[in-house]
Each structure stands twice: as C-alpha cells, then as structure tokens.
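Okay, so here's the structure we're looking at.
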Amino acid sequence: MANYIGNVLCKGKRIYKGVQYLRALSQAACMKRSFGRFLVPSTSFNNRLLRRYAVGKCEEGSVVKGVVVGVYSKEGDKDPKLTSSGEKFDDRAQGKISELVRETGMKGDLGKGLVFMNVDAEFSAVAVVGLGQEGAGFNDLEVIDEGMENARVAAGVGARALQMQGVTEVFVDSMEYPEQAAEGSALAIWRYNTNRRKQDRTFIPKLELYDSPDVDAWTRGLFKAESQNLARRLCDSPANQMTPTIFAQSTVDALCPCGVGVEIRSMDWIEENRLNSFLMVAKGSCEPPVVLEVTYCGTAPEDKPIMLLGKGLTYNSGGLCLRPKDCMHMYRGCMAGAAACVATIRAAAALSLPLNVSVVLPLCENMPSGMAVKPGDVVTLMNGKTLGIVDVSKAGAVVMADPLLYAQSTFKPRLVVDIATLGYGVCCGLGGSAAGIFSNSNFVYKQFEKAGSLTGDRVWRLPLWNYFKQLVTPNKSFDISNRGRGPASSCIAAAVLHELVPCVDWAHLDIRNVGMMTKHNPLPYLLRDRMTGRPTRTIIQFLYQMACPDAK
C-alpha cells in the first residue's frame, strides 16, 4: 500500500489511447518526475498542459465527470478481474478498459492504478485501481476486515487521482462495499482550505455512487466520513481561529441543526460547580474557558446515557513547562478528543442511532502567564482527593479530572468513554497504527476492538494494572500525582483517570498518536502532516454496536 501510481494520458489537444501513450512515454524515457502520487512526464511542455488541465481548461462552472473502478489482483494464470460494476463499465466502453488493463500490465495490486482519458463519451477520465485479492475478509493477525479496508483504499486513491485531474463529479464503483467506498473517497478528497486564497484552494469534487442499488449504505458511509472531516477541520484550524469560544460556536453550528442540545457553560458556572482542576489550567490564558454539555436523545429520556468526555485543550503550550519549539505548532491538535466527540454526535444524529449520549467537553488553553498553574501546585478534586500538578505540560489529566467526576455524578451514565491526547507512550509503542485503549471492562474493550476492525481505524489494549496505580499514588504531600514515576507515560495518565472512575464501566482512548498529525505511513485516504480526525468512525461504530447489539 506504499506506492500509488497512475498516468495522465493526454498530450496537447490530441488524446492518445492509453497504451499508445504509455509506449510513447516509455520510448521517450521521460517518466522522471512525480506529481503527488501519480507519475507524469517531466518535460515542462507536458507539465504546463497538466497544470492547465488540473485547474480546469473548461469554462468555470462546467461539469467534468470521472469514474473510479476497481480491479482484483491476478490469481495464478488468470488475468486481473474487474469488479462487477467495472465489468459493466467495460461493456459500455466496448471492452476498452479490460484491453488497457492487459496491455499496460496492471496486476491489481492494492492501491496501484492508472488514469485513462477519453475512454468514454460521458466520463472524461477513468481511474482503474487495484483492490488486492478478491474475497478478502477478516484477518485475525491484522485484526482488520481486509475486504472493507481494501475498498476504502482503492476508492480513496482513485477519487484523489481524479480530483487532481480537475474532475468535478467523481462516480465511485461500490467495489462490493458501498459504505466503505464512500468513506474512503470522501476522506481522500477532503482538504482544509480555509486559509488559502480562493484561486489556490484544491477543489473538492462531488461524489456519486456508480452502478449500485445500495444507496443507503453509500449514504451511511458519507455521513461517517463527513463527520470525521468535521473533526479534521476543527483540529487543523489554527489555535487563534479555534479558541474555546469559537469551538463552542462551531459545535452549536454543527449540532443544533441536527436536533442535538448544546449547553455552553461559562466561567461563573464553572466556579459554582467547583471544577477546580480545570480552572487551575484555564486561568493561565486570557481566553475564557468553556464547558460544553451536549445531549443526544435517541431513545426514552429515562434510559441511562453513554457518557463521552473529550479533552478540549485548544492549545497546549505546556504552560510554565514549555514544550520544544520545533513541534509546538502541532499542539493546536490537543483538542482532538473534543473534536472527535462533536463529530461522533453529528454522525449519531444523522444516523438516528437509538440510544442516549451525553457529552462533556472542557475547553481551555494551557498558557504561561502570571496566573498560570505552577509545578508543585496542589488542587482538591470534587471527590475530596488532592491532585499534585508536578508537570504542567501534562495538563490533560488535570483538565479532565473534575469534569470526569462532574459527568458521573450529574448524568449517572451506564458507561463512560473519555477520548484524549495524553501520553507520548502510545506514539512510541503504536505509532499511527492504532489508538491505545485502557478499560476496566473486557466487554467494552471487545466492542471497541470489533468496531476498529470494521472501520479500519483500530484500537489496541494497553494495561491498566495496579502497578501503574502505585506509580501515581501514594505521595508524601498529596493523593495523586499527574506525572507519576517512570517512563510509561500513557499508562500512568490512564492510571490517574482510573482513580477518578470508582465503579462504572469505563474506557479511556489515548489518541495522541492517531488523532494528531501523521508523519509516517499515513492511511492512503488521509493526508501526511495533517490532522486526521481519528478515531471518529470507530467511536461511531462502537455506539452503533451498543445501540443495536443484535445487528451483524
């Protein structure tokens, strides 16, 4: 899945057949320079043509259609096989697609493909992308449904290739998994463009399902992908454009039209309800803190809700324990947990999930100032325990401590899930492969494991042993330390939160490695060095499983 190759088959006003042009390129030996992931001729003449086409050589407002079709890899002596929808398109094109697949030597390897031009009168561009092995299913060793993930990868690679060629309407083959094809393509073409000049923004084409009656599954996939894109937008916004107040307004704009209740709690309310640990961090910034209470009611009001708590540090400088300057810009993404919660509720409302969900989002900044919390300060929590703030840069657990206690006492949930970017340990241990999950319930973990295997956005269980609890307690002058002792940062942060969850079923998702920027081997339908919005779709799938436990 590392190399995604394609070719732009156009030259001047004349359009060559794919095979002829590939042969011409091979003879000229001019495949030297790459444009994104799709190889194009290196000559300035052809680059000018590509650039002019990509920004649209047709009149503004005109429609340029393209289609993405999948092809399965070779098995033994058999040629690569088009999907059922791909075969129909091949019949429509009088066998040109299968002929080009044979003559260009395509093998159907996952994520590798070609873009052919002028094959069909209606669709000016056709992206043929490899799907890997036909009939792929659940892989026990990888803990993932490979058939679903392959559809996401192929649809995403093909849709992005057509986007780069100026296509305004992309029709996507269902690849036997319409929901997953919708997710991959919608995630792949999305861009955070807000701070670029209009003429420099990447155009986001319209997506349509090609030749499949399962429109409902396609629509569900679009809902889930658009929710994750909402989380990506919230996380990728600069900190000066996504303060706690702006985040609260963005949440209202996103959720209130869906019939979701949003309560914005200001400083006076925070002080009255004694969320002191949260205030200890918030008072260091000039930006006023906000606590959001979001309520989604999908069933009887008296039913106990599932509680989501999202860490909402809209910027985390480290406070008086400043972070290294080279990566400080990344810490605008420390509200990825809160963003994922908002996106999840957006999808739950769109999908009309039959369950109740309550969300508490503590939003503030962690900044150095004369009012900032100092290393060594101690705060008394709502449950009477004292929390020593040994390291101010590890403010996540401090910000979440009193809100976590408040949420349990106020909403009386049947289950608590908190999502936060906390310890660096998950980055070292898991990279971008999976979010770390800690839970005091085997059932809850199994549900998250299943959800991650279906969404392709996996979770991996890390230990919540008494060993780590002993590293944060006891201490000589306070009950709990926010830093603990030793290098197991993620496990220690989870142990701090575990001290505040006495009896209810609970799961903690540490998403520092997947919710912020991905630098190494990003998922093919996401972007390198951009916020990911992960694991929004996994949380949505988890809620669906909790709402419909008998559904397959």
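Numbering starts at 1 and runs along the sequence shown.
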Quick one: does [X]'s side chain have a donor or acceptor within less than 3.5 Å of a partner on [Y]'s backbone?
X      : Y      : answer
Asp377 : Lys374 : yes
Asn139 : Glu146 : no
Arg483 : Ile389 : no
Asn466 : Lys469 : no
Gln163 : Phe203 : yes
Arg191 : Ala188 : yes
Thr538 : Asp457 : yes
Ser174 : Tyr177 : no
Asp402 : Ser277 : yes
Ser433 : Leu430 : yes

Exercise. Take the angle between the ring planes of Tyr406 and Phe411 and call it parallel below 30°, perpendicular above 60°, tilted in between.
Key: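 Rings of Tyr406 and Phe411: perpendicular, over 60°.
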
Quiz prompt | Mutual orientation of the aromatic rings belonging to Tyr192 and Trp190 [parallel < 30°, tilted 30-60°, perpendicular > 60°] | solution =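 Taking Trp190 first and then Tyr192, their aromatic rings sit tilted (interplane angle of 30° to 60°).
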
Self-check item: side chain to side chain contact (heavy atoms under 4.5 Å, CB included) between Val496 and Asn482, intermediate numbers included
Solution: CA-CA 7 Å; Val496 173; Asn482 83 311; 5.5 Å; no

Side chains of residues 418-426: which donor-acceptor pairs under 3.5 Å do they make with residues two or more places apart or in other chains?
{"unit_1": "Asp418", "atom_1": "OD1", "unit_2": "His508", "atom_2": "ND1", "d": "2.5"}
{"unit_1": "Asp418", "atom_1": "OD2", "unit_2": "Trp506", "atom_2": "NE1", "d": "2.7"}
{"unit_1": "Thr421", "atom_1": "OG1", "unit_2": "Lys311", "atom_2": "NZ", "d": "3.2"}

Quiz item: After noting the C-alpha distance and the side-chain angles of Leu255 and Tyr296, does the key distance pass the side chain to side chain contact (heavy atoms under 4.5 Å, CB included) rule?
Solution: CA-CA 9 Å; Leu255 298 184; Tyr296 167 72; over 6 Å; no

Considering all heavy atoms of both residues, which atom of [X] and which atom of [Y] are nearest to each other, and what is their separation?
X      : Y      : result
Pro413 : Val504 : O-CG2, 3.7 Å
Leu361 : Cys341 : CD2-CB, 3.8 Å
Ala339 : Phe247 : N-CZ, 3.9 Å
Pro403 : Leu309 : CB-CD1, 4.1 Å
Pro178 : Leu209 : CB-CD1, 4.5 Å

Practice problem: Show your working on ring pair (Phe, Tyr, Trp, His ring centres under 6.0 Å) between Trp269 and Phe278 and close with a plain yes or no. | Solution: CA-CA 12 Å; Trp269 181 93; Phe278 173 57; 9.5 Å; no

Below 4.5 Å, heavy atoms only, C-beta onward: do [X] and [Y] meet side chain to side chain?
X      : Y      : value
Leu509 : Ile539 : yes
Met531 : Arg233 : no
Leu292 : Ile264 : yes
Leu322 : Pro368 : yes
Val342 : Val294 : no
Leu275 : Pro362 : no
Val417 : Phe542 : yes
Ser285 : Asn366 : no

Under a 3.5 Å cutoff, is there a donor and acceptor pairing between the side chains of [X] and [Y]?
X      : Y      : value
Asp303 : Asn356 : no
Thr536 : Gln228 : no
Glu365 : Asn316 : no
Ser212 : Asp214 : no
Arg232 : Asn229 : yes

Quiz item: Lys224: what forms a salt bridge (charged side-chain N to carboxylate O under 4.0 Å, His left out) with it, not counting sequence neighbours?
Solution: Glu179

Quiz prompt | Partners passing salt bridge (charged side-chain N to carboxylate O under 4.0 Å, His left out) against Lys385 (at least two apart in sequence or in another chain) | solution =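 By the salt bridge (charged side-chain N to carboxylate O under 4.0 Å, His left out) rule, Lys385 matches Glu499.
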
Self-check item: Pi-cation contact, Tyr445 with Arg461 (under 6.0 Å, within 45°)
Solution: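 Judged by the rule, Arg461 and Tyr445 form a cation-pi pair.
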
Distance (rounded to the nearest 0.5 Å) between [X] [atom1] and [Y] [atom2]:
X      : Y      : atom1 : atom2 : value
Ser439 : Phe448 : OG    : CZ    : 8.5 Å
Arg414 : Asp505 : CZ    : CG    : 10.0 Å
Ser481 : Asn475 : OG    : CG    : 5.0 Å
Asp510 : Leu462 : CG    : CG    : 8.0 Å
Asp391 : Ser489 : CG    : OG    : 10.5 Å
Arg537 : Ser227 : CZ    : OG    : 10.5 Å

Would you call [X] and [Y] a salt bridge, taking side-chain N to carboxylate O under 4.0 Å as the test?
X      : Y      : result
Arg346 : Glu226 : no
Asp529 : Lys519 : yes
Glu208 : Lys206 : yes

Exercise. Please name the residue in the list Glu142, Glu449, Glu149 that meets the salt bridge (Lys or Arg N to Asp or Glu O under 4.0 Å) test with Arg458.
Key: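 For Arg458, the salt bridge (Lys or Arg N to Asp or Glu O under 4.0 Å) test succeeds with only one of Glu142, Glu449, Glu149, which is Glu142.
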
Practice problem: Look at atom CE of Met371 and say whether more than 12 heavy atoms of other residues, nucleotides or ligands are closer to it than 6.0 Å. | Solution: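 No - once you tally the heavy atoms of other residues, nucleotides and ligands closer than 6.0 Å, there are 12 at most.
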
Quiz item: Do other residues, nucleotides or ligands put more than 12 heavy atoms under 6.0 Å from Phe138 CZ?
Solution: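 More than 12 heavy atoms, drawn from other residues, nucleotides or ligands, come within 6.0 Å of this atom.
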
Practice problem: Using the side chain to side chain contact (heavy atoms under 4.5 Å, CB included) rule, take Leu207 and Ile189 through it: C-alpha gap first, then chi angles, then the decisive distance, then the call. | Solution: CA-CA 9 Å; Leu207 290 175; Ile189 65 173; 3.7 Å; yes

Quiz prompt | From CA spacing to verdict: side-chain hydrogen bond (donor to acceptor under 3.5 Å, both in side chains), Ser453, Asp145 | solution = CA-CA 6 Å; Ser453 69; Asp145 191 307; over 6 Å; no

Quiz item: After noting the C-alpha distance and the side-chain angles of Leu543 and Leu355, does the key distance pass the side chain to side chain contact (heavy atoms under 4.5 Å, CB included) rule?
Solution: CA-CA 8 Å; Leu543 292 181; Leu355 80 168; 4.3 Å; yes

